[in-house]
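A short worksheet on the structure shown next.
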Amino acid sequence: QVQLEESGGGLVQAGGSLRLSCLVSGGYADAYSLAWIRQAPGKERELLAAVSQTGSSTYYTSSKRGRLHITKDNAKNTVALRMDNLTPEDTAGYYCAAAQRTLAITIGGYEYWGQGTQVTVSS
């Protein structure tokens with residue numbers, strides 16, 4: 001079964017940037033649509049960005065356009081999320097998820113999840 005392992009989270013000051021990475025194992029990244037989903041305590045999960053199997057198509061939630069950049073490297077079986085201009089509202093657990101679809105842009109489409117990495121943005 002495919003496994004996902006996030007890394008790169010931590011504490012960052014408001015206005016700063018952070019790059020999260022996700023390593024896909026037990027399968028090849030090009031077999032999955034991959035997404036970054038975040039969840040803060042008391043808030044609903046939010047799909048931030050997704051990338052297709054081949055990496056040719058991407059999706060970004062409208063509210064985060066311009067601040068996020070998702071990159072898929074199928075040769076390395078990784079997907080990364082660069083986040084810029086972070087604010088305290090971005091504090092959340094960030095999860096990498098995989099779907100056996102060409103490109104899934106809804107949370108319900110993702111069946112495999114990583115353990116998450118915590119991002120905390122200080123003001």
Side-chain angles (χ1 to χ4, degrees):
Q1 182 173 299
V2 64
Q3 296 183 58
L4 308 170
E5 183 177 4
E6 304 94 335
S7 62
L11 178 65
V12 63
Q13 291 182 306
S17 299
L18 206 60
R19 181 181 175 87
L20 306 180
S21 295
C22 174
L23 176 65
V24 180
S25 61
Y28 292 101
D30 61 11
Y32 301 92
S33 174
L34 298 174
W36 285 97
I37 301 165
R38 73 178 182 184
Q39 184 171 30
K43 298 182 180 179
E44 294 186 349
R45 293 174 296 174
E46 179 182 17
L47 189 150
L48 300 174
V51 61
S52 64
Q53 291 174 329
T54 64
S56 62
S57 298
T58 58
Y59 166 84
Y60 297 93
T61 184
S62 297
S63 64
K64 304 299 179 182
R65 291 183 185 275
R67 295 179 54 219
L68 306 174
H69 182 67
I70 189 168
T71 304
K72 192 180 190 185
D73 189 339
N74 283 327
K76 297 181 179 179
N77 275 343
T78 60
V79 61
L81 181 70
R82 187 186 72 215
M83 302 186 291
D84 298 318
N85 300 316
L86 290 165
T87 71
E89 287 68 39
D90 293 317
T91 296
Y94 285 73
Y95 298 83
C96 179
Q100 292 181 301
R101 303 292 297 173
T102 303
L103 175 63
I105 61 173
T106 61
I107 293 174
Y110 288 87
E111 59 262 53
Y112 304 106
W113 292 63
Q115 76 284 355
T117 185
Q118 179 67 34
V119 172
T120 302
V121 183
S122 62
S123 59

Thr78 side chain near Ser21 side chain, heavy-atom distance below 4.5 Å: no

Measure up the Tyr60 and His69 rings against each other and bin them: parallel (under 30°), tilted (30 to 60°), perpendicular (over 60°). parallel

Of the non-hydrogen atoms in Tyr95 and Gly114, which two are nearest, and what is the gap between them? CD2-O, 3.5 Å

OG1-CD distance between Thr87 and Gln13, expressed to the nearest 0.5 angstrom: 13.5 Å

Leu48 reachable from Val119 in the ILVMFWY side-chain graph, under 4.5 Å edges: yes

Tell me if the CZ atom of Arg101 is crowded by more than 12 foreign heavy atoms within 6.0 Å. no

With a 4.5 Å limit on heavy-atom distance, are the side chains of Tyr94 and Glu6 in contact? no

Nearest non-hydrogen partners of Gly9 and Leu20, listed with the distance: N-CD2, 3.6 Å

Between the OG atom in Ser17 and the CZ atom in Arg82, the distance rounded to the nearest 0.5 Å is 7.5 Å

Restricting to non-hydrogen atoms, name the atom on Leu103 and the atom on Ser57 that form the minimum distance, rounded to 0.1 Å. CD2-CB, 4.0 Å

Rounded to the nearest 0.5 Å, what separation is found between the CD1 atom of Ile105 and the OG atom of Ser52? 12.0 Å

Answer whether the closest heavy-atom distance between the side chains of Leu23 and Gln3 falls below 4.5 Å. no

Linking I/L/V/M/F/W/Y whenever any side-chain heavy atoms sit under 4.5 Å apart, do Ile37 and Tyr59 land together? yes

A side-chain contact here means heavy atoms from C-beta on lying under 4.5 Å apart; do Leu34 and Cys22 qualify? no

Heavy-atom check, side chain of Tyr110 versus side chain of Leu47, under 4.5 Å: yes

Closest approach of Asn77 to Gly27 (non-hydrogen atoms, all atoms of both residues): ND2-O, 3.6 Å

Can Ser122 and Leu11 be said to form a side-chain contact (heavy atoms from CB on, under 4.5 Å), step by step? CA-CA 7 Å; Ser122 62; Leu11 178 65; 4.2 Å; yes

Between Glu46 and Thr61, does a side-chain contact (heavy atoms from CB on, under 4.5 Å) hold up when you go through it step by step? CA-CA 9 Å; Glu46 179 182 17; Thr61 184; 4.1 Å; yes

Salt bridge or not for Asp30 and Lys72, using N-O below 4.0 Å? no

Heavy-atom side-chain proximity of Trp36 to Cys96 below 4.5 angstrom: yes

Do Glu5 and Gln115 make a side-chain contact, defined as non-hydrogen atoms from C-beta onward lying under 4.5 Å apart? yes

When you look at Val79 and Asp73, which way does the side-chain contact (heavy atoms from CB on, under 4.5 Å) test go after all the steps? CA-CA 6 Å; Val79 61; Asp73 189 339; over 6 Å; no

Quick check against the 3.5 Å criterion: does Thr91 have a side-chain atom that pairs as donor or acceptor with the backbone of Val121? yes

Nearest atoms (heavy-atom pairs only) where Gly10 meets Leu18: N-CD2, 4.2 Å

Residue pair Leu81 / Leu68: nearest heavy atoms and the distance that separates them: CD1-CB, 4.1 Å

Could you check if a side-chain atom of Arg38 sits within less than 4.5 angstrom of a side-chain atom of Arg45, using non-hydrogen atoms only? no

Just do the side-chain contact (heavy atoms from CB on, under 4.5 Å) check on Glu111 and Gln100 with the steps written out, would you? CA-CA 8 Å; Glu111 59 262 53; Gln100 292 181 301; 3.6 Å; yes

